[in-house]
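What follows is one structure encoded as structure tokens, with my remarks underneath.
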Amino acid sequence: MDGENIFLILTFDSTHHAMRAESILKDEKISIKTIPTPRDITLSCGLAIKASVLDKEKIVKMYEDKILDFKNLYEISIIDNKRELKKII
Amino acid sequence: MKEIDARGLECPKPVILTKKELDSIKEGKVRTTVDNEVARENLIKLAKSQNADFEVEELEGGLFAVTIEKKASIETENHKKMVEVDENFVIAIQSEHMGRGDEKLGEILMKSFIYTVKETKPYPKTMLFFNSGVKLTVAESEVLDDLKALENEGVEIISCGTCLDYFNLKDKLEVGSISNMYTIYEKLRNSTNVVTIG
């Protein structure tokens, strides 16, 4: 997942939400990384979850089925050292 | 070729002797004979950290010989410049948790911390792990990928041998090398910028 130029960032209202989501995603064997919320996303708590763009559909589905709760879902792409932030949810 | 007989020496002695020898020559080969696998692995790590070619031979009687070749080094110096390591910066990690108060929170903060170290240049020259901090450098640690990436960029990752031993993790080490208190003290003493986390 690391080093990929396109990835997902999930943000949360609180640290507890982030920790709960981390354990749910891990149980689903989705490869994730808990990271400090990137500086270009400000409206959320300090922890975010980074996930592979390949798991986008799975994560969106889990959100819709109310298995997984988060505040926002972003897709970040880094092209020629420029970061682009796209809000999906 | 210079030969070093490091049989019967305790870690990290074989590595120190070999590094001294490599530092003293401009180019050439150093062949170190050791009698255990930990020492062999540490020599391989030394070679990798120096960006040097190496060769491992398995000798009779459970002995290993590691030959490290140092090349006259325009390339090595360029490499050093590229990776941007702050030679005076050491991070000491004394626990698998960051801060006290709540362990679950501490665990998640530590993951977040190590990720941030990996994302931010310049890198520290050395990261020391002791007490339960060594749980971060062994199999099943969730920060292994970050620590491996840091090691690849030239950051020295050192775990306390006594601590690995205490937690029964000596054979599970996945990144960096094993060292003792002398090395840990030396790293701390030789730097005026030590940040302790844990």
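Protein chains get the first letters and strands the later ones, always in sequence-line order, with residue 1 at the start of each. Quick caveat, the model's predicted, so the values are computed rather than measured.
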Same apolar cluster (I L V M F W Y, side chains within < 4.5 Å links), [X]/[Y]:
X        : Y        : result
A/Leu10  : A/Ile32  : yes
B/Phe129 : B/Val138 : yes
B/Met127 : B/Tyr123 : yes
B/Leu46  : B/Ile178 : no
B/Val15  : B/Val38  : no

For chain A, which residues of residues 101-111 of chain B have at least one non-hydrogen atom nearer than 4.5 Å to it?
B/Lys104, B/Leu105, B/Ile108, B/Lys111
Any residues in residues 180-198 of chain B near chain A, with a heavy-atom distance under 4.5 Å, and which are they?
none
Compare all side-chain heavy atoms of A/Lys33 with those of B/Asp145 and state whether any distance is below 4.5 angstrom.
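Yes, at least one pair of side-chain atoms sits under 4.5 Å.
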Just wondering, are more than 12 heavy atoms of other shown residues or ligands nearer than 6.0 Å to NZ in B/Lys20?
no
Does B/Glu3, at its CD atom, have more than 12 non-hydrogen atoms belonging to other residues, nucleotides or ligands within less than 6.0 Å?
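Count over threshold, so yes.
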Please state whether the side chain, the backbone, both or neither of A/Thr15 comes within less than 4.5 Å of a heavy atom of chain B.
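Just its side chain gets close to chain B.
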Need one label for A/Leu47: side chain, backbone, both or neither, based on atoms under 4.5 Å from any heavy atom in chain B.
side chain
Which pair of heavy atoms, one from B/Ser112 and one from A/Ile35, lies closest together, and at what distance?
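Closest heavy-atom pair between B/Ser112 and A/Ile35: OG-C, 3.8 Å.
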